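Take a look at the structure below.
As the structure is a prediction and not an experimental result, all values here were calculated from the model. The residues of the chain are indexed from 1 along the displayed sequence.
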Amino acid sequence: MFDYCINRLSAYTSLSIEEKGVLRGVVDKKIKHCRGDNIMLAGSEPKSIHVIYNGWASRYKVLPNGREHIVAYLIPGDMCDVHVTLLKRMDHSIRAETPLTVGVIDGGHVDYIMHCYPNLAKALFWSMLVDESIAREWLVNLAGRSAEVRIANLFCELFLRSKVAGLTSSDTFVMPLNQVKISEAMGLTSVHTNRVIQRLKRDKLIVVNKQNIQIPDFSRLQAFADFNGDYLHMGFS
């Protein structure tokens, strides 16, 4: 649903009915992807923006030894880089981690928005800056936090990002990625990731039910993770 994207952008600035209509109108087409499909590949020339309607994707880099490292998760409502149409080559790849539906916005439409709808352009620019802020927080996560705190921080972030997009149900958010994918993003082995998640469950900081994660007491998990959501710039703390 495109409403997830509208919800996310509305967290940055109030959007008028006209501006919301413009956003919906610039989507040229919808494309379905299977799990594992590459939406964009490193080295390719980006000409459009992809808005995630349903499903999850990731940004990832391939190391010289062939290993992959996930550098960001993309959830419904996210845009796969507002600024990519300014670049000549992609420096990372974007892959569907689940069955995925995306809306495609041609780069020319983005130019139109930037020139004719300054408030909407502000929301898109803010979205881009938040993506960069999240990347910085992930860097701190990998470099300076224990495995337990690292994963707790991730769950706090994903809950709030899901909440602002309108994806949560009370204290529960959808987490469709397995522990292998979490370990790839958190710089841990899958075995270590499993131990951490079992501890969080044992301490009743999270409840895992299939592809849903419940956070019974967000303030407890937040305190455990020493989490500060200011970097999301969505009015959370």
Side-chain angles (χ1 to χ4, degrees), residues 1-33 37-59 71-96 100-138 157-158 160-168 229-236:
M1 292 174 60
F2 197 74
D3 286 347
Y4 298 143
C5 180
I6 297 290
N7 291 342
R8 185 191 176 197
L9 293 178
S10 296
Y12 309 135
T13 185
S14 179
L15 298 178
S16 68
I17 294 175
E18 180 185 3
E19 289 166 336
K20 293 176 183 179
V22 168
L23 266 179
R24 291 189 175 93
V26 296
V27 177
D28 295 305
K29 57 185 174 181
K30 290 193 292 185
I31 300 177
K32 293 182 181 290
H33 290 279
D37 286 353
N38 281 300
I39 302 169
M40 304 177 82
L41 278 171
S44 63
E45 183 179 357
K47 296 181 179 179
S48 57
I49 293 171
H50 298 81
V51 184
I52 298 181
Y53 279 32
N54 293 294
W56 282 43
S58 68
R59 295 190 183 101
V71 296
Y73 290 136
L74 298 165
I75 68 174
D78 284 346
M79 291 185 170
C80 300
D81 293 335
V82 175
H83 63 288
V84 295
T85 52
L86 301 175
L87 306 176
K88 291 185 176 180
R89 294 286 182 273
M90 288 287 293
D91 57 36
H92 64 281
S93 300
I94 299 176
R95 177 177 57 208
L100 190 72
T101 302
V102 297
V104 180
I105 301 175
D106 182 81
H109 292 322
V110 178
D111 292 338
Y112 166 70
I113 288 173
M114 294 298 180
H115 285 94
C116 299
Y117 292 90
N119 185 56
L120 190 50
K122 175 184 176 182
L124 294 177
F125 188 61
W126 197 333
S127 172
M128 181 181 71
L129 293 176
V130 170
D131 287 345
E132 294 177 359
S133 179
I134 290 172
R136 288 191 292 272
E137 192 68 19
W138 276 40
E157 176 192 301
L158 291 175
L160 293 185
R161 286 173 60 191
S162 297
K163 182 177 181 180
V164 80
L167 295 163
T168 57
D230 286 352
Y231 71 94
L232 295 172
H233 301 286
M234 294 174 180
F236 299 119

**OP:** Kindly say whether the aromatic ring centers of W138 and Y73 come within a distance under 6.0 Å.
**Re:** yes
Original post:
With sequence neighbours excluded, what pairs up with S93 under the side chain to side chain donor-acceptor pair (under 3.5 Å) test?
Top reply: none
Original post:
Taking all non-hydrogen atoms of both residues, which atom of G55 and which atom of L100 are closest, and how far apart?
Top reply: C-CD1, 3.4 Å
**OP:** Grab the two heavy atoms, one from N7 and one from V164, that are nearest each other, plus how far apart they are.
**Re:** CB-O, 3.4 Å
**OP:** Can you measure from CG (L23) to CD1 (I113) and round to the nearest 0.5 angstrom?
**Re:** 5.0 Å
Could you tabulate the donor-acceptor pairs under 3.5 Å formed by side-chain atoms of residues 25-33, not counting sequence neighbours?
residue	atom	partner	partner atom	Å
D28	OD1	H109	NE2	2.9
D28	OD2	D106	N	3.0

Original post:
Roughly how far, to the nearest 0.5 Å, is the CE atom of M90 from the CG atom of L41?
Top reply: 8.5 Å
Subject >> Stepwise side-chain contact (heavy atoms from CB on, under 4.5 Å) check, N54 with Y4 >> reply: CA-CA 9 Å; N54 293 294; Y4 298 143; 4.3 Å; yes
Original post:
Under 3.5 Å, side chain of S133 to main-chain N/O of L129, donor-acceptor pair present?
Top reply: no
Subject >> Over all atoms of both residues, closest heavy-atom pair of M40 and P46 >> reply: CE-CB, 3.3 Å
Original post:
Can you name the nearest heavy-atom pair linking P76 to L167, along with the distance?
Top reply: O-CD1, 3.7 Å
**OP:** Show the numbers, then the answer: is there a side-chain contact (heavy atoms from CB on, under 4.5 Å) between S48 and I105?
**Re:** CA-CA 5 Å; S48 57; I105 301 175; 6.0 Å; no
Subject >> SB check D3 R8 (cutoff 4.0 Å) >> reply: no
Original post:
Are any side-chain N or O atoms of N119 and backbone N or O atoms of S14, one a donor and one an acceptor, separated by less than 3.5 Å?
Top reply: yes
Subject >> Closest approach of L74 to M79 (non-hydrogen atoms, all atoms of both residues) >> reply: CD2-O, 4.4 Å
Subject >> Identified side chain to side chain donor-acceptor pair (under 3.5 Å) counterpart of Y117 within the set E18, E19, K122 >> reply: E18
Original post:
Taking S10 for the side chain and I6 for the main chain, is one N or O donor matched with an acceptor at less than 3.5 Å?
Top reply: yes
Subject >> Worked verdict on I52 versus I75 for side-chain contact (heavy atoms from CB on, under 4.5 Å) >> reply: CA-CA 7 Å; I52 298 181; I75 68 174; over 6 Å; no
Original post:
Considering residues, nucleotides and ligands other than Y231, do more than 12 of their heavy atoms fall under 6.0 Å from its OH?
Top reply: yes
Subject >> Value rounded to 0.5 Å, distance of CE in M128 from OH in Y12 >> reply: 11.5 Å
Original post:
Should S127 and L9 be marked as a side-chain contact (heavy atoms from CB on, under 4.5 Å) after you check the CA-CA gap, both sets of side-chain angles, and the distance that decides it?
Top reply: CA-CA 7 Å; S127 172; L9 293 178; 3.8 Å; yes
Original post:
Under 4.5 Å between any side-chain heavy atoms of D78 and H50, yes or no?
Top reply: no
Original post:
Is the shortest side-chain N to carboxylate O distance from D230 to R136 below 4.0 Å?
Top reply: no
Original post:
Do the charged groups of R95 and D37 touch, with an N to O distance under 4.0 Å?
Top reply: no
Original post:
Quick one: does I134's side chain get under 4.5 Å of E157's, heavy atoms only?
Top reply: yes
